[in-house]
Amino acid sequence: MIRVLLVQDTYLLRAALAAFLGREPDLEVLSSSWEHATATSWARWPDVCVVDMDSPDAAGPQGLRELSTRCCSGDGTSVLLALATAERPGPLRRAYEEGALGYLSKNASPDQLVEGIRRVAKGERYIDESLGYGFLEAAEIPLTRRELSVLSLAAEGSSIGEIALSLHLSNGTVRNYLASITRKTGARNRVDAIRISRGAGWV
């Protein structure tokens, strides 16, 4: 039996996917929003975490970094199956840097999701070929993982203080990250950096 934790913020979609996966005889499915994903993973240590990378909460303190430590194989590889889109290379980059083992397009069929879960559970890498262009773009992103996390929270309207609290940083460190982001994106200011980054699909 493969224990699967499905992390998706939209309840209707999460419930539908959980119901579909639950029909498979070898899958035991738990589901959660990003806000409660870590706590859920503590209740039942999952074999595979299927994560929707488009949520801004994936970059937060209870996001991908925290969850990846709960979904680890014996060799330290994160047994994460990331659901992403080629048009948003930023979330793909974050999943890659956290060592996700599988990558599936959110436009893939449910049967592909089942196949991906089974492959990842066996320790095999699984990559949806339709995400190839997204990976190429992700490799060109000039921002670090931490900068992407700061930028994602800033893009959702979080203040410097809120970002600092969420990521356990000082306000000064957050300002330094935002200055670096502005410089690397060639933006005039933080608002312009968010606009550029959204246009490029980084956040």
Side-chain angles (χ1 to χ4, degrees), residues 1-135 138 149 152 201 203:
M1 185 68 70
I2 302 170
R3 291 186 303 278
V4 179
L5 174 58
L6 176 64
V7 184
Q8 155 64 246
D9 281 339
T10 305
Y11 176 75
L12 183 61
L13 179 57
R14 185 171 77 235
L17 280 175
F20 175 83
L21 294 174
R23 293 201 296 263
E24 298 296 321
D26 59 334
L27 302 183
E28 177 187 333
V29 184
L30 300 168
S31 66
S32 172
S33 64
W34 272 105
E35 182 182 1
H36 302 293
T38 303
T40 303
S41 71
W42 278 101
R44 293 290 298 275
W45 197 301
D47 298 306
V48 176
C49 293
V50 178
V51 296
D52 180 1
M53 291 303 302
D54 283 341
S55 170
D57 287 337
Q62 298 299 313
L64 192 63
R65 167 60 63 87
E66 181 72 18
L67 192 60
S68 69
T69 65
R70 301 293 300 156
C71 287
C72 258
S73 65
D75 62 0
T77 302
S78 295
V79 188
L80 300 172
L81 177 60
L83 303 180
T85 58
E87 294 76 20
R88 297 195 64 213
L92 263 179
R93 167 83 169 265
R94 286 197 294 275
Y96 176 79
E97 291 190 342
E98 288 300 333
L101 203 54
Y103 304 85
L104 184 68
S105 169
K106 293 174 71 172
N107 293 317
S109 70
D111 288 337
Q112 284 177 283
L113 176 58
V114 173
E115 179 188 1
I117 289 170
R118 289 174 176 151
R119 293 268 297 274
V120 168
K122 292 190 291 187
E124 299 175 6
R125 186 167 294 282
Y126 184 84
I127 301 176
D128 186 335
E129 61 182 20
S130 70
L131 294 176
Y133 182 71
F135 272 108
S149 294
S152 293
V203 296

Quiz item: Any side-chain donor paired with an acceptor under 3.5 Å for Thr10 and Gln8?
Solution: yes
Quiz item: Among pairs that include at least one residue of residues 3-31, which meet ring pair (Phe, Tyr, Trp, His ring centres under 6.0 Å), considering only residues two or more places apart or in two chains?
Solution: none
Quiz item: Given Leu81 and Val51, is the side chain to side chain contact (heavy atoms under 4.5 Å, CB included) satisfied, shown in steps?
Solution: CA-CA 6 Å; Leu81 177 60; Val51 296; over 6 Å; no
Quiz prompt | ring pair (Phe, Tyr, Trp, His ring centres under 6.0 Å) against Phe135, all qualifying residues, sequence neighbours excluded | solution = Tyr103
Self-check item: From Ser31 atom OG to His36 atom NE2, the distance as rounded to the nearest 0.5 Å
Solution: 11.5 Å
Quiz item: Would a 4.5 Å heavy-atom cut-off, applied to side chains only, mark Ser152 and Arg94 as touching?
Solution: yes
Practice problem: Can you measure from CD1 (Ile127) to CZ (Arg119) and round to the nearest 0.5 angstrom? | Solution: 10.0 Å
Quiz prompt | Leu5 CG to Ser32 OG distance, which is reported to the nearest 0.5 Å | solution = 6.0 Å
Quiz item: Which atom names give the shortest non-hydrogen contact between Ala95 and Ala82, and what distance separates them?
Solution: CB-CB, 3.7 Å
Quiz prompt | Non-neighbouring partners of Ala86 that pass side chain to side chain contact (heavy atoms under 4.5 Å, CB included), sequence neighbours left out | solution = Leu131
Quiz item: Considering only heavy atoms from C-beta outward, does the side chain of Ile2 approach that of Val48 to under 4.5 Å?
Solution: yes
Exercise. Give a yes or no answer on whether the side chain of Arg93 reaches the backbone of Ala138 with a donor-acceptor pair at less than 3.5 Å.
Key: yes
Quiz prompt | side chain to side chain contact (heavy atoms under 4.5 Å, CB included) partners of Leu21, counting only residues at least two apart | solution = Leu27, Val29, Leu113, Val114, Ile117
Practice problem: Output the distance between atom CD (Glu115) and atom OG (Ser109), rounded to the nearest 0.5 Å. | Solution: 8.5 Å
Quiz item: What's the spacing between Glu35 CD and Ser55 OG if we round to 0.5 Å?
Solution: 10.0 Å
Quiz prompt | Pairs where residues 15-34 contributes a residue and the test salt bridge (charged side-chain N to carboxylate O under 4.0 Å, His left out) is met, not counting sequence neighbours | solution = Glu24-Arg118, Asp26-Arg118, Glu28-Arg44
Quiz prompt | Sequence neighbours excluded, every pair satisfying salt bridge (charged side-chain N to carboxylate O under 4.0 Å, His left out) that has a member inside residues 9-21 | solution = none
Exercise. With sequence neighbours left out, write down each residue that passes side chain to side chain contact (heavy atoms under 4.5 Å, CB included) with Asp54, or none if nothing qualifies.
Key: Asp52, Thr85, Arg88, Pro91, Lys106
Practice problem: Could you list the residues that satisfy side chain to side chain contact (heavy atoms under 4.5 Å, CB included) with Ala108, not counting sequence neighbours? | Solution: Leu104, Gln112, Asp128
